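Working notes, structure below.
The figures that follow rest on heavy atoms only: side chains count, while hydrogens, waters and symmetry mates do not. Keep in mind that what you see is a predicted model, and the values were worked out from it rather than measured. Counting from 1, the numbers follow the sequence of the chain as shown.
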Amino acid sequence: MKVHFISPDGETTQTVEAKAGSNLLEVAQNAGQPLEGTCEGQMACSTCHVVIAKEWFDKLPVASDDEEDMLDLASGARRTSRLSCQIDLTAEMDGLVVHIPAESRNMQGI
C-alpha cells in the first residue's frame with residue numbers, strides 16, 4: 001500500500017510503500033519524515049502530530065479521548081489533526097495523504 005507525505009510548505013510529496021498493520025509514525029520515520037515521536041506512542045507528547053487530508057480523515061478510526069486531549073496541545077492542530085502513533089494502517093488506507101505540520105510542540109519538555 002502507498003502513503004503520501006506532503007511537506008510543511010506543500011511543495012513536496014513523498015510516496016512510500018507500507019504494509020497493512022504498520023504504524024503510521026514508524027512508516028513516516030523510516031521514510032525520513034521529521035516526526036519525532038518523543039514519547040514512543042504513549043500519547044504523552046504531540047511530536048508525531050500530522051494533518052490528515054480532508055478526504056481521508058473520516059475513513060480513519062475515531063481518535064480516543066486521550067488522543068484528542070493531546071491534540072488540543074499540539075502546535076498548529078486542525079480539525080483533521082491526528083497523532084500518527086495512534087494510526088495503524090489497514091489495506092483500506094491505501095493512498096492515504098498525510099500533511100506534515102511546520103512545527104511541533106514537545107509536551108515532555110525534552
Side-chain angles (χ1 to χ4, degrees):
M1 65 179 294
K2 296 185 185 321
V3 178
H4 308 284
F5 294 101
I6 311 295
S7 64
D9 62 9
E11 297 291 319
T12 305
T13 301
Q14 180 186 21
T15 299
V16 300
E17 292 286 334
K19 293 183 180 183
S22 299
N23 180 271
L24 183 58
L25 173 60
E26 292 170 1
V27 170
Q29 288 175 329
N30 289 339
Q33 292 296 319
L35 297 179
E36 195 172 339
T38 303
C39 74
E40 299 178 353
Q42 300 302 308
M43 282 194 292
C45 73
S46 61
T47 61
C48 70
H49 164 236
V50 294
V51 179
I52 303 297
K54 291 177 186 176
E55 65 271 16
W56 281 98
F57 184 76
D58 290 332
K59 297 176 184 180
L60 300 181
V62 176
S64 68
D65 289 341
D66 289 340
E67 182 179 354
E68 290 287 349
D69 288 345
M70 285 311 307
L71 287 168
D72 287 342
L73 303 172
S75 183
R78 299 180 185 161
R79 188 188 75 75
T80 61
S81 289
R82 293 293 303 267
L83 297 180
S84 60
C85 70
Q86 297 304 301
I87 299 173
D88 291 324
L89 300 173
T90 64
E92 294 77 28
M93 294 178 196
D94 184 26
L96 179 67
V97 178
V98 179
H99 296 267
I100 303 298
E103 59 185 270
S104 68
R105 181 179 300 145
N106 182 349
M107 300 313 298
Q108 289 186 323
I110 296 173

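- Residues Met93 and Lys59 are not in side-chain contact: their nearest non-hydrogen atoms beyond the backbone lie 4.5 Å or more apart.
- Contact record, Pro8 with Pro101: CG-O, 3.6 Å, taken as the closest heavy-atom pair.
- Remark: Leu96 CG to Phe5 CZ distance equals 7.5 Å, nearest 0.5 Å.
- A donor and an acceptor atom, one from each side chain of His4 and Thr13, are nowhere located under 3.5 Å apart.
- With hydrogens and angles ignored, the 3.5 Å screen pairs a side-chain donor or acceptor of Asp94 with a backbone N or O of Lys2.
- Under the 4.5 Å side-chain heavy-atom criterion for ILVMFWY residues, a single connected hydrophobic cluster contains both Leu25 and Ile6.
- Both Val27 and Val98 sit in one connected hydrophobic cluster of ILVMFWY residues. Membership requires side-chain heavy atoms under 4.5 Å apart, directly or through other members.
- Note on Leu24: it does not cluster hydrophobically with Val51, by side-chain heavy-atom contacts below 4.5 Å among ILVMFWY residues.
- At least one donor-acceptor pair closer than 3.5 Å links the side chain of Thr47 to the backbone N or O of Thr38.
- Side-chain contact between Thr80 and Trp56: absent, with no pair of heavy atoms (C-beta onward) separated by less than 4.5 Å.
- Residue Ala91 comes nearest to Ala20 through the heavy atom pair N-CB, 3.9 Å, listed as atom of the first residue, atom of the second, then distance.
- Closest approach of Cys45 and Gly37 over heavy atoms only: SG-C, 4.5 Å.
- Side-chain contact between Ile100 and Val50 is present, with heavy atoms from C-beta onward closer than 4.5 Å.
- Put simply, the side chain of Glu17 does not reach to within 4.5 Å of the side chain of Met1, judged on heavy atoms.
- In the hydrophobic cluster analysis, where Ile, Leu, Val, Met, Phe, Trp and Tyr join through side-chain heavy atoms closer than 4.5 angstrom, Leu60 is grouped apart from Met43.
- Separating the NZ atom in Lys19 from the CD atom in Glu26 is a distance of 13.0 Å, to the nearest 0.5 Å.
- Residues Ser84 and Leu35 have side chains in contact (heavy-atom distance under 4.5 Å, counting atoms from C-beta outward).
- Atom CD of Gln29 sits about 10.0 Å away from atom SG of Cys85, to the nearest 0.5 Å.
- Atom CD of Glu67 is separated from atom NE2 of His49 by 10.0 Å, given to the nearest 0.5 angstrom.
- Nearest approach of Leu83 to Ser46, heavy atoms of both residues: CD2-CA, 4.1 Å.
- Looking at Ile52 and Ile87, their side chains come closer than 4.5 Å, going by heavy atoms from C-beta outward.
- Side-chain N/O atoms of Asp9 and Ser7 include a donor and acceptor closer than 3.5 Å.
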